[in-house]
J.: 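Before I ask anything, here is the structure I am working with.
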Amino acid sequence: MSYHFNEIEKKWQNYWADNQTFKAENNSDKPKYYVLDMFPYPSGAGLHVGHPLGYIASDIYARYKRHKGFNVLHPQGYDSFGLPAEQYAIQTGLHPKITTEINIDGCLSNENKILEKYVNEDGSIKNEALIDKNIPVNIKDDNYQDNIIKGYRKQLDKIGFSFDWSREVRTSNPEYYKWTQWIFIQLFESWYNNDSNKAEPIETLISKFASEGNTKVNAVCDDAIAEFSAEDWNGFSSEQQQEILLKYRLTYLAETEVNWCPALGTVLANDEIVNGVSERGGHPVIRKKMTQWSMRISAYAERLLQGLDTIDWTDSLKESQRNWIGKSVGASVTFNVNMTSEMLKHVQHDLSEPHSELVSESHPYKIEVFTTRPDTIYGVSFMTLAPEHELVSKITTEAQKADVDAYIEATAKRSERDRMADVKTISGAFTGAYAEHPFTKEPIPIWIGDYVLAGYGTGAVMSVPCGDQRDYDFAKHFDIPIPNIFEGVDISEEAFSDKEKTVIANSDFLNGMNYKKATKRAIYELEQLGQGEGKTNYRLRDAVFSRQRYWGEPFPVYYVNGMPQMIEQKHLPIVLPEVEKYLPTEEGEPPLGRADVWAWDTKNNKVVSNELIDHEHVFPLELNTMPGWAGSSWYFFRYMEEAANRGEAFASEDALNYWENVDLYIGGSEHATGHLLYSRFWVKFMKDRGFVNVEEPFKKLINQGMILGTSAFVYYIFYSIIDQNTKEVLVNKKSVFISRESYDRIHSEGNKTNLASDIVKPYIEKSLLNKINKKELHLMTPFSNSHVDVSFVNASDELDIEAFKNWRLEFKDAEFELEDGVYKVGREVEKMSKSKYNVVNPDAICEQYGADSLRLYEMFLGPLEQAKPWNTAGITGVHGFLKKLWKLYVGDNGLNVSDTEPSKDSLKTLHKTIKKVEEDIENFSFNTSVSTFMIAVNELTAQKCTSKAILEPLLILISPYAPHIAEELWSRLGHTESISTAAFPKFEEKHLVESSKNYPISFNGKMRFTLELPLDMTKEDIEKTVMAHEKTIAQLDGREPKKVIVVPGKIVNIVG
RNA sequence: GCUCAAGUGGCGGAAUUGGUAGACGCGCUGGAUUCAAAAUCCAGUUUCUUCGGAAGUGUGGGUUCGAUUCCCACCUUGAGUACCA
C-alpha cells in the first residue's frame, strides 16, 4: 500500500475538526503555554507559500509543547478592519463587511453559506449586498481577484494547523470592537501620574484639583497648562474643567500637526510613512493641522524602553524600538532674547493673550533649547530656530524681514521628502535678533535653518560649531565664528564630537573637565541661574488615533458644545453606521459624515437619525474611526476567553490570570515600531488600571524571514523590417527568444556589433533577407526581457513553450533559439508578487505533494528567521522522505511493525534523533530537524528496523512537523487516540555510549587520516599508537615532530 | 552617514564552550529496472592533481598546536533608520 497523502490529510483534518482535538481548556492541571501568530489581514489575494511559514513554525512548537505535557493555547483570527476592503468598496459599492466575509470564508461552492447570501451562481453579487446598485460587480471577474476566492480559512485548513478555531476573533465584529471601544473609554478616563509612575482613574486627578489645584500635580500632560488653585478649579465652569482635563487624559482631542495623505484622504501615523510617502500606495504626505484624537503614548516612553530588557526578543527588534523611542539625556537651557523696541511692541500685544508661556514680564522673550551637550555651552556662537518656530515672526528685525520671509516661504514649499533627501545643501537666514549667553552675557546671533526640525525637542538649538558637524557646516557656510573649546583638538577641518575624549577649555569654570564632569557642573550652574535643568528627551511622539475612513471602529463619542463625551459602557457597541458611499463628503468630512443615522440620543441611549439633533438631548457622533492598530493592540487577551463565556468583559479575570501573556509570538519584523509598540503601550496601561496583570504582552518573539520568489525570465529580440523608401513596415515586432547568454552579450556590446541582427537573420525569409543585406530594407532589432509565469518552467529551468505561447498571445508566432531542443529561462530571486509571476500557491502544493510535504519543505528551506528563496523543484526531496517513512511502516502486505527487540543500532538512531530534534525545536532550528528525520529514516531503513519500540516514538517526534502521516501511522499501530496526546519520547544517554572513537589525526591542524581507537585509552598510549602508525611516518617523511597534542575523545594534532 | 545581520560547492543550506568543512536535500553525471516514460533503486558529484597528494569557508592580517567559529582592518550584500541637537 502506498502513501495516499490526499486521503490521509483530508481524513485527519476532518477528525481534528470533529473531535475538537486542539481546543484549549481554561481549567487544567497542566502548565499553560500560549503560542500566537500575528493574525492576518484577510486580503482577497489569498495566501502564497510565504504566508504560512510562521504559522507552520508556531504550529510545530504548539504541537511539541502538547507532547511535552503543556496545556497549549494556539488560536487564530483576523485583523479584518483595513484599507483594501474599503478601497474596493469605493470602486464597487460592495460593502467592506461582505468582501471581508468572502475573503475569509470564500465563495467557492454552493454549499457555502456566503455564496448564497451575497453571490449569485454566475458569480455576480446580489443587488442587496451592494450599496450602489448601479455598479455591476462580479466576484469571478478579474477586477476583483483571481476569479474565485477560496477564502483564508479554507486555505489555512488545508495545511493542517492545530488552531483552536473556537476562539477565533475578527476585529471588525461588533462583539469584538465593543471592547476596543471600551478600552478607548478607559484611556479617556485615565491620566498618568508621574509620582506613582502609572495611569490612574481621572477621578483621582479631579479630586486633587478640587483640593489643591494643579501646582503639585506631577502628570504627563500637554505643555502650556496654566497653573490654578483649588479655588480656581472649583470656580471654573464645567466646560472649562473639561477643557483642562482633556490636557491630562491618556487619549485626548487636540489640534495637532498631522501627516495628511491627500490621495488616501486620511491621516497617517509616523510608522505608516516610509521615505516621506505613504507605506500603502506610496502617495505623498503633507503636514496639516487637524483636530484629532491622540494617544499619550509618550507617558510610557521610559517604561516601554525599560521593559525591553525583560523580554526575549531579537536584539535588532529591540534596537528598532529603542531608536523609535529615541531617548536622549541632556539639559534644557533657556536663552533670553535681547529685546529691541520692535519686539517690545509685540510683547504688549502678546500679554493681552492669556496662557502664553513664552512671554512673561520679567523675561519678555526666551528661547528654550534641548541639548545633549550642556558641557559645550561656552562654544555656542549662534542659535538656530526651525523656520516654523513661533518666535521667528516676533523677533525678526525690519532689516532682515524680507530675507527671513523669503526663506520661510522657500522651505514651506519643499516637501518633507525633499528636505529629508537633500541633507547636503545648507540654507538658512539671519533674523537680526540676538540672544544672551547665560554665563558670558555675550550677544548670540539668532538664525533660522531647516536643519532644525520643528517637530523634535523645542524646535530650537544652541549651535556649537566646534562640537557638532551640522552646526559646523552651517557656521562655515555663513561665515559665523567657530570658537574652539576643546583642549588639544584641531577643528580647522571638522567638528570634534567625541564625548569620551573631550577635555573642555576656554570655558571658565568648566576648564579641564571631561564630558561627564562638565555636563554635571554646567547643569548645576544653569539651575543656579534658573536658566536650565537636566532633562531627558524622547523622540517618541503621541500617536494620532483618528482616521478619516469608513472601515474601522467607530468612536463611542458624541459632542456637546464641541466637548467630547463618552458613551456609557452598557450601551456599547456603537455599531458602524451604513453609508451610501465610502468617500469623504463634499465638505471634506470623513465618510461617516454621510451617515443619516449617526446621532446620540442621551435620553433613550441609542443611535438615532441626524434629523433629531437638537443639542439638548440628541448630539452628533464622532465622524472619525480608529486606526488599524486599535483592534490588534489587545486581541491576544480576547483569545484567552472561551467563546461561550465571552460577554461580561473582554476576558474574564480567571482566564486572564490563567493564560497571563503570550509565551511565544511569531510574526513579521515589519511590525517592529507599529503593532509591537502600541500593544506594549496598551498592555502597560491596562496593567496600571488593573484590567490585566501582566506588564508585557509577548514574552518571546520570533520574526520569520520572508520567503522570496524565484522569478523566471525570457529574453527576446523583437525585430521589425521597414522599407526605407516607402516607410512601409513589412515585418512588425516579431520575436525571437534568445538565451540569457546572448541577451547579456547584446546588452554589454550595445550597438558596437551586429550580434542581434546576426541572431535574427536565420529566421527571416530569404527574399527579405537579401534586400536587407543589400540595404534596401532596414532591420530593427530592439531587445528586451520579461517575467514569465513560473508554472511554465520545470525544475531544470526549461520553458514549456506551448503553454507560454498560449499565455502571451503577442508571442504566438515567436521563434525560439533552442539549446539541445529546449529553451532555458533565466532566474532571479525577488519578492513574491503577482506582477512578477512568481507566486506559488500553497493549495497547489498541497494538492500535488500534500500538506505534510509543504510543512516539511517550508521548514527545510533554511533558518526560520532568514529570508530565503522558494524553489518548488526542491520539494521532491521532502516528499520522497515521506514516502520512505511510509514504506518503513507499511509494506506491500500490510504493516511492517512488530514487537521484536530493537537492535542496538536502531536504539542509537532513535535516541540521537530524540536528542537532536528536541534541541532543534527548543532553538527554533526547524530546518535541521528535518534533515535529522531524513537521516533517521535512512538509517532505520538500512537497518531493516521493524521494532515498535523504535518506530512508535519516532512517529511522535515527526508528528509536529508532519501531523497527518503521523496520525495515520499511529492509528495503524493500533492507537485509538490522537497522536497529539502522546508524551514526547524520553532521551536516554546510555544508548549513545561508545567504546571507541574514530580519531582524526591531523598534521599542523589539517586532518590527514582517521584511526579507530578505544575511548578508555590513555593520552600516552594514544600518542604512542599514533606515532607508530605507518601513515604517520609517511606523513612526517623523516621530520621530527615538535609537539603532539592529544585531546582524548576528540582529536590528535601533530606539529612539525 | 549610522545601527544591526550576513558572506561556505551549480543551488537551498549544515557544522561555533575553537577540534574530521560541505551533513541533509535539490540539481547534475553514470548505471539498474522498463517496449518506453514516470516512479523507484544503486554509484558519483568543492577545486586542482603527476592519483602519492595538495589547496579550500568574501579579502588582508592577528591570536592558537589547531580558526567557517575569536580579534583587527577592508570589500560586498541585505534589513532598519536617518539633519534627533
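The structure presented is a predicted model; accordingly, all values stated were derived computationally and were not measured. Labels below follow one simple rule: chain letters A, B, ... track the order of the sequence lines, proteins then strands, and each chain is numbered from 1.
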J.: Using the P atoms only, state how far B:G10 lies from B:U45, rounded to an integer number of Å.
T.: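 Result for the P pair: 15 Å, nearest Å.
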J.: Describe, in one word, how the ring planes of A:His671 and A:His675 are oriented to each other, choosing from parallel (under 30°), tilted (30 to 60°) and perpendicular (over 60°).
T.: perpendicular
J.: Measure the distance from NE2 on A:His879 to C1' on B:G27 and round it to the nearest whole Å.
T.: 18 Å
J.: Between B:G9 and B:G53, how far is it from one P atom to the other, in whole Å?
T.: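 It works out to 26 Å between them.
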J.: What form does the base of B:G25 take, syn (within 90° of 0) or anti?
T.: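 B:G25: anti.
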J.: Please determine, for the side chain of A:Lys884, which listed nucleotide (B:C83, B:G12, B:G25) has the closest atom?
T.: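 Selected nucleotide: B:G25.
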J.: For B:G13, take OP1 and OP2 only and decide whether either is under 4.0 Å from a side-chain N or O of A:Lys868.
T.: no
J.: A:Phe860 has an atom CZ; how far is it from atom P of B:C11, in whole Å?
T.: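 Atom CZ in A:Phe860 sits about 16 Å away from atom P in B:C11.
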J.: Among B:G19, B:U20, B:C24, which nucleotide has an atom closest to any side-chain atom of A:Ile1045?
T.: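 Out of B:G19, B:U20, B:C24, the nucleotide with an atom closest to A:Ile1045's side chain is B:G19.
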J.: Applying the Watson-Crick and G-U wobble criteria at under 3.5 Å, what pairs with B:U29? Answer none if nothing qualifies.
T.: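 Partner of B:U29: B:A43.
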J.: Quick one: look up who B:G52 pairs with, Watson-Crick or G-U, both distances under 3.5 Å, and put none if it's unpaired.
T.: none
J.: Can you see if the side chain of A:Tyr857 gets near the phosphate of B:G25 - specifically, an N or O under 4.0 Å from OP1 or OP2?
T.: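 So the side chain of A:Tyr857 is outside the cut-off, no N or O lying under 4.0 Å from OP1 or OP2 of B:G25.
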J.: Between B:A55 and B:U29, how far is it from one C1' atom to the other, in whole Å?
T.: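 Those two atoms are separated by 25 Å.
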J.: Here's a test for you: under salt bridge (Lys or Arg N to Asp or Glu O under 4.0 Å), which of A:Lys908, A:Lys912, A:Lys884 qualifies with A:Glu939?
T.: A:Lys912
J.: Determine: side-chain N/O of A:Arg1008 to OP1/OP2 of B:A54, distance under 4.0 Å, yes or no.
T.: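 Yes, such a contact exists.
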J.: How far apart are the C-alpha atoms of A:Ser711 and A:Val790, what are their side-chain angles, what is the distance that settles it, and do they pass the side-chain contact (heavy atoms from CB on, under 4.5 Å) test?
T.: CA-CA 7 Å; A:Ser711 304; A:Val790 288; 5.6 Å; no
J.: Using 30° and 60° as the class limits, which term best fits the ring planes of A:Tyr451 and A:Phe474: parallel, tilted or perpendicular?
T.: tilted
J.: Scan every strand shown for a Watson-Crick or G-U wobble partner of B:A85, both distances under 3.5 Å, and answer none if you come up empty.
T.: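 Paired with no nucleotide.
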J.: Out of A:Gln848, A:His879, A:Lys883, which one pairs with A:Ser853 under the side chain to side chain donor-acceptor pair (under 3.5 Å) rule?
T.: A:His879
J.: Once you apply the 3.5 Å cut-off to both distances, tell me the Watson-Crick or G-U wobble partner of B:G18, or none.
T.: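 With both distances under 3.5 Å required, B:G18 matches none.
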J.: Taking the side chain of A:Lys1050 as heavy atoms from C-beta outward, which of B:U20, B:C83, B:U17 is closest to it?
T.: B:U17
J.: Which is true for A:Thr876 with a 4.0 Å heavy-atom rule: it touches a base, it touches only sugar-phosphate, or it touches nothing?
T.: sugar-phosphate
J.: Whole-Å distance between B:C24 P and A:Asn871 CG?
T.: 20 Å
J.: Could you tell me how far B:G60 sits from B:A23 if I compare only their C1' atoms? Round to whole Å.
T.: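 B:A23 and B:G60 have their C1' atoms separated by 31 Å.
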J.: Expressed as a whole number of Å, how far does the C1' atom of B:U59 sit from that of B:U76?
T.: 10 Å
J.: Think A:Asn323 has a side-chain N or O under 4.0 angstrom from the OP1 or OP2 of B:C84?
T.: no
J.: Among B:C65, B:C83, B:C24, find the nucleotide with the atom closest to the side chain of A:Asn1053.
T.: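 The answer is B:C65.
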J.: Parallel under 30°, tilted from 30 to 60°, perpendicular over 60°: which one fits the rings of A:Phe924 and A:Phe926?
T.: perpendicular
J.: Both A:Asn998 and A:Ser931 contact RNA chain B. Which one's nearest nucleotide lies toward the 5' end?
T.: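 Between the two, 5'-proximity favours A:Asn998.
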J.: Donor-acceptor check, side chain of A:Tyr472 to backbone of A:Ile482, threshold 3.5 angstrom: yes or no?
T.: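 It does not hold such a pair.
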J.: Searching all strands shown, indicate the nucleotide that pairs with B:U64 (Watson-Crick or G-U wobble; both distances under 3.5 Å).
T.: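 Partner of B:U64: none found under 3.5 Å.
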J.: Does B:C84 have OP1 or OP2 under 4.0 Å away from a side-chain N or O of A:Arg541?
T.: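 Looking at the OP1 and OP2 atoms of B:C84, neither is under 4.0 Å from any side-chain N or O of A:Arg541.
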J.: Specify the closest pair of heavy atoms between A:Gln704 and A:Gly668, including all atoms of both residues, with the distance to one decimal.
T.: OE1-N, 3.4 Å
J.: Roughly how many Å apart are B:C4 and B:C70, using the P atom of each and rounding to a whole number?
T.: 15 Å
J.: The side chain of A:Val1055 lies closest to which of these nucleotides: B:C26, B:C83, B:C65?
T.: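 It is B:C65.
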J.: At under 4.0 Å between heavy atoms, what does A:Asn938 touch on the DNA or RNA strands: base, sugar-phosphate, or nothing?
T.: sugar-phosphate
J.: Mind checking whether A:Phe1009 and A:Phe1003 have parallel, tilted or perpendicular rings, split at 30° and 60°?
T.: tilted
J.: Distance check: side-chain N/O of A:Asn927 vs OP1/OP2 of B:A14, anything under 4.0 Å?
T.: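 Indeed, a polar side-chain atom of A:Asn927 lies that close.
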J.: Once you apply the 3.5 Å cut-off to both distances, tell me the Watson-Crick or G-U wobble partner of B:G12, or none.
T.: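 For B:G12, the partner nucleotide comes out as B:C24, under the 3.5 Å rule.
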J.: Nearest to the side chain of A:Arg539 - B:C24, B:C84, B:G19?
T.: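 The listed nucleotide nearest to A:Arg539's side chain is B:C84.
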J.: Taking the side chain of A:Thr1010 as its heavy atoms from C-beta onward, which of B:G13, B:G19, B:U20 lies nearest to it?
T.: B:U20
J.: Nearest to the A:Pro869 side chain among B:A85, B:G19, B:G12, which nucleotide is it?
T.: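 Nearest to the side-chain atoms of A:Pro869, counting from C-beta on, is B:G12.
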J.: Rounded to the Å, how far apart are A:Phe881 CZ and B:A23 P?
T.: 18 Å
J.: On the nucleotide B:G13, are OP1 or OP2 found under 4.0 Å from the side-chain N or O atoms that A:Gln866 carries?
T.: yes
J.: Between B:G22 and B:U46, how many Å separate the two P atoms, rounded to a whole number?
T.: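 So the two P atoms sit 10 Å from each other.
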J.: Is it true that atom CE of A:Met706 has more than 12 heavy atoms of other residues, nucleotides or ligands lying nearer than 6.0 Å?
T.: no
J.: When rounded to the nearest Å, what value does the distance between P atoms of B:C26 and B:A39 take?
T.: 12 Å
J.: Can you tell me how far C1' of B:C26 sits from CD1 of A:Ile845, to the nearest Å?
T.: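 Between C1' of B:C26 and CD1 of A:Ile845: 14 Å.
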J.: Look at the side chain of A:Lys887 and decide which nucleotide, out of B:U40, B:G19, B:C84, has an atom nearest to it.
T.: B:U40
J.: Please check the phosphate of B:A23 (OP1 and OP2 only) for any side-chain N or O of A:Thr932 closer than 4.0 Å.
T.: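 Answer no for this pair, as no side-chain N or O of A:Thr932 is under 4.0 Å from OP1 or OP2.
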J.: Could you check which nucleotide pairs with B:A73 in any of the strands shown, counting Watson-Crick or G-U wobble with both distances under 3.5 Å?
T.: B:U59
J.: By the rule that syn is within 90° of 0, classify the base conformation of B:G9 as syn or anti.
T.: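 With its glycosidic angle within 90° of zero, B:G9 counts as syn.
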J.: Among the nucleotides B:A21, B:A85, B:G19, which one has an atom lying closest to any side-chain atom of A:Met1007?
T.: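 The listed nucleotide nearest to A:Met1007's side chain is B:A21.
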J.: How many Å lie between CG on A:Leu882 and P on B:U40, as a whole number?
T.: 13 Å
J.: Between A:Gly880 and A:Gly326, just flag the one whose closest nucleotide in RNA chain B comes earlier from the 5' side.
T.: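 So the residue in question is A:Gly880.
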J.: Across all strands, who's sitting opposite B:A36 as a Watson-Crick or G-U wobble pair, both distances under 3.5 Å?
T.: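 Partner of B:A36: none found under 3.5 Å.
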J.: Applying a 4.0 Å non-hydrogen cut-off, can you work out what A:Lys883 is touching in the nucleic acid: base, sugar-phosphate, or nothing?
T.: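 Answer is sugar-phosphate: A:Lys883 comes under 4.0 Å of backbone atoms only.
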J.: Rounding to a whole Å, what distance do you find between A:Leu864:CG and B:G13:P?
T.: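 To the nearest whole Å, that distance equals 13 Å.
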J.: In whole angstrom, give the distance that lies between atom CZ of A:Phe370 and atom P of B:A85.
T.: 7 Å
